[in-house]
Colleague: 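After the structure tokens below, expect a handful of questions from me.
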Amino acid sequence: MVDDLANEERRLSATKLEKSPANLASGASDMAHIVLTFDNNRLASALYGQFDENLARLEQKLSVDIRSRGNQLTIKGSSSAAEQARRALDNLYGILQKGADIGQSDVDGAVRMAIAADDQLTLPTLERKGKVSAAQISTRKKTIYARSLNQDAYMRALERAELVFGIGPAGTGKTYLAVAHAAMLLERGMVERIVLSRPAVEAGERLGFLPGDMKEKVDPYLRPLYDALYDMMPADKVERAIAAEVIEIAPLAFMRGRTLAHCAVILDEAQNTTPMQMKMFLTRLGEGSRMIVTGDPTQIDLPSNTKSGLVEALRILDGVAGAVTVRFNDTDVVRHPMVAEIVRAYDRDAKLSRGLGAGED
């Protein structure tokens, strides 16, 4: 604990904040002049990015002016924007101090978190007031930091709740973070197995005509889950775990009659379950298990006369103790910026098709 406090003191001394006396004297309260000084030149260089590309991105996103001189940065802009830039830089520098690399997507995430910091309900920390305390998921291979306020809420919900629904559009990280959290639980010995499931709507849950064994039949439907697993765990470890059924691939239709104890259970693309399938899946939850359900109610592929089990479950379980729902939106999209624009365009079209005005919700 003493070492942790000492490390924290050293880390907090890495940045120094000063308000411009000139601004204060002139009464220009709407403008700020913040100076940050970093104690590690190598990390400062990584923070700035090649040709200062990370600083340029922060300038563009927050409408501030950032000038670098060695290990010192000067931020000028409106009080709120300058403070947001400071928070973002402090967050990114902390990631670098932990040995991770940063890229443009990390910069974008730090900006989102900095803007939302005033509304963020952070857990108690030793960090100074105003610092962004992003939730994280860590395995031996990789550490992931929340890149939006809803991602932060989702990751914290995964830590404390037995049943978590992650609802929202593509590109928000809901499935990736679910698998990453499951991998972390397995690595730490908090669960004994990971069970991955997804409704194979395209095959009508009738997989017998497809070639190969069961794993080969359902692989195409579970590829996004595999991709996340390989990102969080070494490939050979994933393969051994699958062979030993420590990581189990279970088509939703084959879950009936089972009780899943001491597992991290993930149901992806849950909007394509029927109400009966969803009830069957949720009642598989056993002792010592965590269940994560992800889906996008705007992407239902079921026949038009069939209700979505996800939509019904969200209604029925609203307010049930131990069940947490986190809803993502287009501002949480962490893929290419065009993905967020695509999501917004489809949302606008859906509203118009329902006869709503463009400005209505």
Side-chain angles (χ1 to χ4, degrees), residues 95 98-101 103 105-106 135-147 151 154-155 157-159 162-164 166 170-203 207 210-255 258-270 272 281 284-286 288-295 334-335:
I95 292 174
K98 294 176 181 178
D101 298 323
S105 59
D106 297 293
Q136 65 184 62
I137 296 173
S138 298
T139 66
R140 292 190 183 95
K141 185 175 179 182
K142 190 171 185 178
T143 298
I144 303 169
Y145 298 89
R147 292 179 178 175
Q151 278 199 358
Y154 186 52
M155 292 163 75
L158 293 174
E159 284 284 347
E162 293 180 310
L163 173 60
V164 177
T172 53
K174 58 187 184 297
T175 299
Y176 183 84
L177 293 175
V179 177
H181 183 73
M184 181 183 72
L185 293 179
L186 181 65
E187 188 174 87
R188 294 181 180 180
M190 298 174 69
V191 296
E192 297 173 359
R193 291 185 300 142
I194 295 174
V195 178
L196 306 176
S197 188
R198 208 179 193 196
V201 168
E202 295 84 353
L207 303 174
L210 295 174
D213 59 21
M214 182 54 64
K215 177 179 176 299
E216 292 170 330
K217 291 176 190 291
V218 299
D219 266 357
Y221 305 103
L222 294 164
R223 180 49 52 189
L225 306 181
Y226 279 120
D227 290 343
L229 275 175
Y230 284 116
D231 217 17
M232 298 302 297
M233 301 169 62
D236 59 337
K237 187 173 181 179
V238 173
E239 296 297 337
R240 288 198 302 271
I242 291 174
E245 295 188 349
V246 172
I247 297 176
E248 181 183 352
I249 314 303
L252 179 59
F254 287 32
M255 299 283 280
R258 302 181 60 185
T259 298
L260 301 172
H262 307 291
C263 298
V265 191
I266 298 172
L267 174 61
D268 190 33
E269 297 289 341
N272 289 328
F281 175 81
R284 302 307 96 198
L285 184 63
S289 288
R290 297 294 184 91
M291 186 170 279
I292 310 167
V293 179
T294 65
V334 294
R335 291 181 187 166

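Position 1 is the first residue of the sequence, and the numbers go up from there.
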Colleague: Would you please name every residue forming a salt bridge (Lys or Arg N to Asp or Glu O under 4.0 Å) with D101, sequence neighbours left out?
Modeller: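 For D101, no residue satisfies salt bridge (Lys or Arg N to Asp or Glu O under 4.0 Å) once neighbours in sequence are set aside.
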Colleague: Rounded to the nearest 0.5 Å, what's the gap from NZ on K237 to CE on M232? Could you check?
Modeller: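 Those atoms lie 11.0 Å apart.
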Colleague: Do you know which two heavy atoms are closest between G288 and V191, and how far apart they sit?
Modeller: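 Looking at all heavy atoms of both residues, the shortest contact is O-CG1, 4.2 Å.
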Colleague: Between K141 and Y230, what is the shortest heavy-atom contact and its length?
Modeller: NZ-O, 2.7 Å
Colleague: Please find the pair of heavy atoms, one from S289 and one from L260, that lie closest to each other, and give the distance.
Modeller: OG-O, 2.7 Å
Colleague: Please report the closest heavy-atom contact between A180 and I144, naming both atoms and the distance.
Modeller: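 Reported closest heavy-atom pair: CB-CD1, 3.7 Å.
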Colleague: Could you tell me which residues satisfy side chain to side chain contact (heavy atoms under 4.5 Å, CB included) with L163, sequence neighbours excluded, listed by chain and number?
Modeller: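 Scan of L163 (side chain to side chain contact (heavy atoms under 4.5 Å, CB included), adjacent residues dropped) gives F165, L282, M291, V293, L317, A323.
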Colleague: Check whether any side-chain N or O of Q151 sits under 3.5 Å from a backbone N or O of T172 as a donor-acceptor pair, and report yes or no.
Modeller: yes
Colleague: Got a second to check how far M190's CE is from H262's NE2, nearest 0.5 Å?
Modeller: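 Separation between the atoms: 13.0 Å.
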Colleague: Which atom pair, heavy atoms only, marks the closest approach of V265 to M255?
Modeller: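 Distance-wise, the nearest heavy atoms are CG1-CE, 4.3 Å.
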Colleague: Who pairs with R147 by side chain to side chain donor-acceptor pair (under 3.5 Å), at least two apart in sequence or on another chain?
Modeller: S105, D106
Colleague: When rounded to the nearest 0.5 angstrom, what distance separates CE in M155 from CG in L158?
Modeller: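 Rounded to the nearest 0.5 Å, the CE-CG separation comes to 8.0 Å.
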Colleague: Rounded to the nearest 0.5 Å, what separation is found between the CG atom of D268 and the OG1 atom of T294?
Modeller: 3.5 Å
Colleague: Nearest 0.5 Å please: distance from the CD1 atom of I247 over to the CE atom of M233.
Modeller: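 Rounded to the nearest 0.5 Å, the CD1-CE separation comes to 4.5 Å.
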Colleague: Taking only residues two or more places apart in sequence, or in another chain, which ones meet A182 in a side chain to side chain contact (heavy atoms under 4.5 Å, CB included)?
Modeller: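 I194, A264, I266.
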Colleague: Are the side chains of L229 and L196 in contact, using a 4.5 Å heavy-atom criterion?
Modeller: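 They are in contact (side-chain heavy atoms under 4.5 Å apart), so the answer is yes.
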Colleague: Sub-3.5 Å donor-acceptor pair from the side chain of Y154 to the main-chain atoms of K174, do we have one?
Modeller: yes
Colleague: Residues two or more places apart in sequence or in another chain: which of them pass side chain to side chain contact (heavy atoms under 4.5 Å, CB included) with D227?
Modeller: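 Residues passing side chain to side chain contact (heavy atoms under 4.5 Å, CB included) with D227: R223.
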Colleague: Hey, does the side chain of R284 reach the backbone of R258 with a donor-acceptor pair shorter than 3.5 angstrom?
Modeller: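 Yes; judged by distance alone, with no hydrogens or angles, the pair exists.
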Colleague: Which residues pass the side chain to side chain donor-acceptor pair (under 3.5 Å) test with R140, sequence neighbours left out?
Modeller: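 R140 satisfies side chain to side chain donor-acceptor pair (under 3.5 Å) with no residue once adjacent residues are dropped.
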Colleague: In Å and rounded to the nearest 0.5 Å, what is the CG to CZ distance from L267 to R198?
Modeller: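 The distance works out to 10.0 Å.
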Colleague: T259 and G286: which non-hydrogen atoms are nearest, and at how many Å?
Modeller: CG2-CA, 4.0 Å
Colleague: Are Q136 and M184 packed together at the side-chain level, in the sense that at least one heavy-atom pair is separated by less than 4.5 angstrom?
Modeller: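 Counting from C-beta outward, Q136 and M184 never come under 4.5 Å.
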Colleague: Test side-chain contact (heavy atoms from CB on, under 4.5 Å) on R290 and L185; report intermediate values, then the result.
Modeller: CA-CA 9 Å; R290 297 294 184 91; L185 293 179; 4.1 Å; yes
